[in-house]
Protein chains: 2
Amino acid sequence: MATRATVGLRLKDHDHHHCISDAIARAEMLCQRNGARLTENRRRVLELVWQSHAPVGAYEVLEMLRKDGIRAAPPTVYRALEFLLEHGLVHRIETRNAFVGCPQPGQAHAAQYLLCDGCGDAVEIEIGGLARRIETRAAELGFAVATQTIEARGLCSRCQQSAPAGA
Amino acid sequence: MATRATVGLRLKDHDHHHCISDAIARAEMLCQRNGARLTENRRRVLELVWQSHAPVGAYEVLEMLRKDGIRAAPPTVYRALEFLLEHGLVHRIETRNAFVGCPQPGQAHAAQYLLCDGCGDAVEIEIGGLARRIETRAAELGFAVATQTIEARGLCSRCQQSAPAGA
DNA sequence: CGCCATGTGATATAAGATAACACTATGGCT
DNA sequence: AGCCATAGTGTTATCTTATATCACATGGCG
Ligand SMILES: [Zn+2]
Ligand SMILES: [Zn+2]
Ligand SMILES: [Zn+2]
Ligand SMILES: [Zn+2]
């Protein structure tokens, strides 16, 4: 499959409950396959991260947990996020100090993101050969790449229309 | 000139004072040309950021300022950094919440970095066509890119040798 | 049963960044 | 010179993000 992402994923535009339940289903399969334990806490945090397609901060997750009546402290959330990161179930968006669900966990991939400064949505893309290109150039300089962070900020098509000129 | 960066820039390996004085000289020229004021504070912070080729945190700069006998508070540093960022004199390394001097200020460029997890050095590179490639792919999805963040973490050649296996 | 590994709860604190307000320096103008 | 507007600084307090630490629980296993 090529990049299956669409841009400007407003929650109203699609059955987002599917996004969430699919994500949980994928996570359960993947954890079972890898012998990892998707505990209650971890599952809940993953669900909360998937509440939207915009990256969500750790403390926002914490707020949501508390609103659900769960007594939680920062480490609760960070530990769950750490687990989810390790298993590729979420990615960290460095330019926002926030986290977003990965739509294709399990397949190794360098996460590449388009981040809309208007609506906040993050769209994970994969530009063919891009990661390879960086590794190759780094190797020429004797540098061994372990992880890549590629984030492009700007405006999605919808947000370009809403805020066209120097409004 | 192609990428003139070398990797693994230990301070002992080269006359780093040149790196610093060159950076200041470039900054002064550039500010004069742009009608921007490189005040004492800003110049000092730029110098401190250039103390090494490893990105330096805002609070490290603050520490250094204080050791130089200058009374400063966080906003002092952040304001200076903001100015330097605006004028392209430093770049922010998102994966480290830190700042590093730009070796080619004045020329618009999407900063791309190799970040060594061993020695901490940051090497700015420019992979031909990479930025364009991302913009093009984004445009196909209707997304207008404003800024890009490209950071590759790993080990420079020297640090690969020092820490070869699972040491 | 005792032991170890993994996960959790709770408190405190570190690290990074900004808000707000008062004051000063600078340069253009009359 | 005196005045003004703008840009820059000092200071304090606060906010946001992330970890360290220690105590407790749970479950597998010799
Ligand atoms: Zn959705
Ligand atoms: Zn948008
Ligand atoms: Zn140098
Ligand atoms: Zn190194």
Side-chain angles (χ1 to χ4, degrees), chain A residues 27-28 31-32 34-46 48-49 54-66 68-87 89-100 115 120 122 149 151, chain B residues 27-28 31-32 34-49 54-66 68-87 89-100 115 120 122 149 151 153:
Chain A
E28 271 164 357
C31 283
Q32 181 152 29
N34 296 4
R37 295 174 51 198
L38 188 65
T39 62
E40 189 57 21
N41 261 336
R42 294 164 175 174
R43 197 186 51 66
R44 261 197 296 248
V45 169
L46 181 57
L48 291 173
V49 167
V56 55
Y59 279 74
E60 290 179 71
V61 172
L62 183 57
E63 269 302 296
M64 293 190 273
L65 276 176
R66 285 175 171 166
D68 289 352
I70 292 157
R71 270 226 304 293
T76 310
V77 175
Y78 279 102
R79 284 194 281 232
L81 288 172
E82 187 182 13
F83 172 90
L84 297 171
L85 283 170
E86 270 164 14
H87 291 80
L89 294 166
V90 303
H91 291 296
R92 181 184 162 82
I93 303 299
E94 298 291 344
T95 51
R96 292 221 189 121
N97 297 328
F99 305 83
V100 70
L115 303 166
T149 300
E151 300 177 9
Chain B
E28 271 164 357
C31 283
Q32 182 153 27
N34 295 6
R37 294 175 51 201
L38 187 63
T39 63
E40 190 55 22
N41 261 337
R42 292 166 176 173
R43 198 184 51 68
R44 263 197 294 250
V45 169
L46 182 57
E47 267 179 17
L48 292 173
V49 167
V56 54
Y59 278 71
E60 290 179 70
V61 172
L62 183 56
E63 269 302 296
M64 294 190 271
L65 276 176
R66 285 174 171 165
D68 288 352
I70 291 155
R71 269 227 303 294
T76 309
V77 174
Y78 280 103
R79 286 194 282 230
L81 287 172
E82 187 182 13
F83 172 89
L84 296 170
L85 283 169
E86 270 166 12
H87 291 80
L89 294 166
V90 304
H91 291 297
R92 182 185 160 81
I93 304 298
E94 298 291 344
T95 50
R96 291 222 189 120
N97 297 329
F99 305 84
V100 70
L115 302 167
T149 299
E151 299 176 10
R153 301 184 61 154

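Reminder, nothing fancy here: chain letters follow the sequence lines and each chain counts from 1. None of the values given here were measured: they were computed from a predicted structure.
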Could I get the full list of side chain to side chain donor-acceptor pair (under 3.5 Å) partners for B:E151, not counting sequence neighbours?
B:T95
What is the separation between atom CD on B:E40 and atom C1' on D:dG10, rounded to the nearest whole Å?
16 Å
Expressed as a whole number of angstroms, how long is the span from B:E82:CD to D:dT9:P?
12 Å
Any Lys/Arg nitrogen of B:E47 or B:R44 sitting under 4.0 Å from an Asp/Glu carboxylate oxygen of the other?
no
First and last nt of DNA chain C near chain A, cut-off under 4.0 Å to heavy atoms, 5' to 3', are C:dG7 to C:dT11
Going by the rule salt bridge (charged side-chain N to carboxylate O under 4.0 Å, His left out), which residues pair with A:R37 if we only count those two or more places apart in sequence or in a different chain?
none
Return the set of residues passing salt bridge (charged side-chain N to carboxylate O under 4.0 Å, His left out) with B:R92 (not counting sequence neighbours), or none when no residue passes.
B:E94
Donor-acceptor contacts, no H, no angles, side chain residues 73-87 of chain A, under 3.5 Å, sequence neighbours left out:
{"unit_1": "A:T76", "atom_1": "OG1", "unit_2": "A:A73", "atom_2": "N", "d": "3.3"}
{"unit_1": "A:T76", "atom_1": "OG1", "unit_2": "A:A73", "atom_2": "O", "d": "3.1"}
{"unit_1": "A:H87", "atom_1": "ND1", "unit_2": "A:F83", "atom_2": "O", "d": "3.0"}

I need the B:L65 CG to B:R71 CZ distance, nearest 0.5 Å.
13.0 Å
Working to the nearest 0.5 Å, report the span between OG1 of B:T149 and CD1 of B:I93.
9.0 Å
Under 4.0 Å protein heavy-atom contacts per nucleotide of nucleotides 11-30 of chain D, with B for base, S for backbone only and - for none
BB----BBBB----------
Does a side-chain heavy-atom distance below 4.5 Å link B:T39 with B:R43?
no
